[in-house]
Amino acid sequence: MRPRAPNNNRHAAQRTVPCAPDTKTKEIIIVKGLTITKTEHPKAKPAKGAKLGFGSVFTDHMLLMDYTRGQGWHDARIVPYGPISLSPAATVFHYAQETFEGMKAYRAEDGRILLFRPEENFKRLNISNERLCIPALDVDFCIESLKELVMLDKDWIPEDKEASLYIRPFVIGNEAKLGVKEADNYIYCVLLSPSGAYYENGLKPVPIYVEEEYVRAVRGGTGFAKTGGNYASSMKAQSIAHEKGYSQVLWLDGVEKKYIGEVGAMNIFFVVDGEVLTPELDGSILSGITRKSIIALLRDKGYKVTERKITIQEIADAYDAGKLQEIFGSGTAAVISPVGELKWGDKVMKINNGEIGEISMYAYKTLTDIQWGRAKGPEGWSVEIGRE
Ligand SMILES: *Cc1c(COP(=O)(O)O)cnc(C)c1O
């Protein structure tokens, strides 16, 4: 059976909702249009308490699906994890036609397996796809097939506190042709990677350096899309920052180098005189799901949260006036990353004595409690996909 083409909602009602796969049998489980081939050589899982780090261990299975122009997306399949074979002329290698997502599966203490706002990730993948001329994916199909994949490899979800199963969906252009145009063939792939707690020694505020030479993205460019090219172009500044002893750079806008964009590959928040500020989404900024969730949680708690243009100068002025209380980055991997020091030219700003602030801590705790199923969040945020 073939998965239905994207943007074809006629069959939506016919979709079979998958149940948790029975891992004891060799049966092939089918979400409409998805075939499953289980590995015959399961790998040894990392031991409980092993240092997993981030993104270097992969589970037994992965999801693949092909796109052929004229035919649509087809042949969705879960297969044993392993190398894929591509033509050296494939579009992705030459013109970087690629998009990706980053999300996590969490194991609650009571054994529930949870995703966090997965629909947001796949909607965003389509926003990125649109910008990169990559065909849209069916959001419901992506979620249902992801549930199958995660449940098949659920024993890989780490049990250690604050550890999780990192999920990396991505799409690459795969036409063997050097002409510069969008590809006629694509591969959608989903990898699962058990990852350790981001903070092994507690949330430690990091030193940040304001980047004044290189830029990450410009309005009209691809900053709002999750695409590898944005990362490739950010590596040089990142590497210089590391050499200078800073953990990330703070990006300024690409035109006037005046307005604040993001911090490393995270969104950024400031607390100035009790008000929470974050740059507005102007096309150069990635719309983080963590960002969006934090804004909602803080507003719900009664904090004033403002999305607007923020200059680096006004942050420095707030610092001089003693009003700059907290700075933190936000993203799926770290959730919250407090900033302890901000360096702009010769100016060194020490934030909250290098300690994590009250609002940063509140956002971290509230969000992680929802993600790991310790607290009930807003309707639809935490999605239970099965039990161990
Ligand atoms: C993925 C990403 C983020 C964070 O998005 P989340 O959905 O919160 O994980 C922020 N900035 C950039 C550039 C990103 O690629």
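All ligand and atom numbering here is 1-based and tracks the order in the structure. Side chains included, hydrogens not; waters and symmetry mates left out as well; all remaining heavy atoms used.
- In this structure, the protein non-hydrogen atom closest to atom 4 (C) of ligand 1 is Gly331 CA, 3.9 Å.
- Under a 4.0 Å criterion applied to the non-hydrogen atoms of Glu262, ligand 1 contributes the atoms 10 (C), 11 (N), 12 (C), 13 (C).
- Which parts of ligand 1 touch Gly288 is read off a 4.0 Å heavy-atom cut-off, strictly below it: atoms 5 (O), 6 (P), 7 (O), 8 (O).
- The pair Arg107-Glu162 fails the salt-bridge criterion, with no side-chain N (NZ, NE, NH1 or NH2) lying under 4.0 Å from an Asp/Glu carboxylate O.
- Residue Arg124 touches ligand 1 through its side chain alone, judged by heavy-atom distances below 4.0 Å.
- Contact analysis puts Ala265 in contact with ligand 1, with a non-hydrogen atom separation below 4.0 angstrom.
- Across the listed options Lys226, Arg117, Lys292, Glu101, Lys226 owns the non-hydrogen atom lying nearest to atom 14 (C) of ligand 1.
- The local environment of NZ in Lys236 is sparse, with at most 12 non-hydrogen atoms from other residues, nucleotides or ligands closer than 6.0 Å.
- Using a 4.5 Å heavy-atom threshold, the side chains of Thr39 and His61 count as touching.
- Close contacts between ligand 1 and Tyr231 involve ligand atoms 14 (C), 15 (O) [criterion: under 4.0 Å to a heavy atom].
- Residue-ligand proximity: Arg216 is placed with a non-hydrogen atom under 4.0 Å from ligand 1.
- Remark: aromatic rings of Tyr188 and Tyr67 are distant, center separation not under 6.0 Å.
- For atom 9 (O) of ligand 1, the nearest protein heavy atom (residue, atom name, distance) is Thr332 OG1, 2.5 Å.
- Atoms of ligand 1 lying under 4.0 Å from at least one heavy atom of Asn267, given by number and element, are 10 (C).
- For ligand 1, one of its N or O atoms has an N or O atom of Ile289 under 3.5 Å away.
- When each of Tyr246, Trp344, Trp251 is tested with Tyr209 by the rule ring-ring contact (aromatic ring centres under 6.0 Å, His included), just one qualifies, namely Tyr246.
- Asn353 CG: 12 or fewer foreign heavy atoms inside a 6.0 Å radius.
- Ranking protein heavy atoms by distance to atom 8 (O) of ligand 1, first place goes to Thr290 OG1, 2.6 Å.
- Taken from CD in Glu341 to NZ in Lys350, the straight-line distance is 4.0 Å, to the nearest 0.5 Å.
- When ring centroids are compared, Tyr319 and Phe270 stay outside the 6.0 Å threshold.
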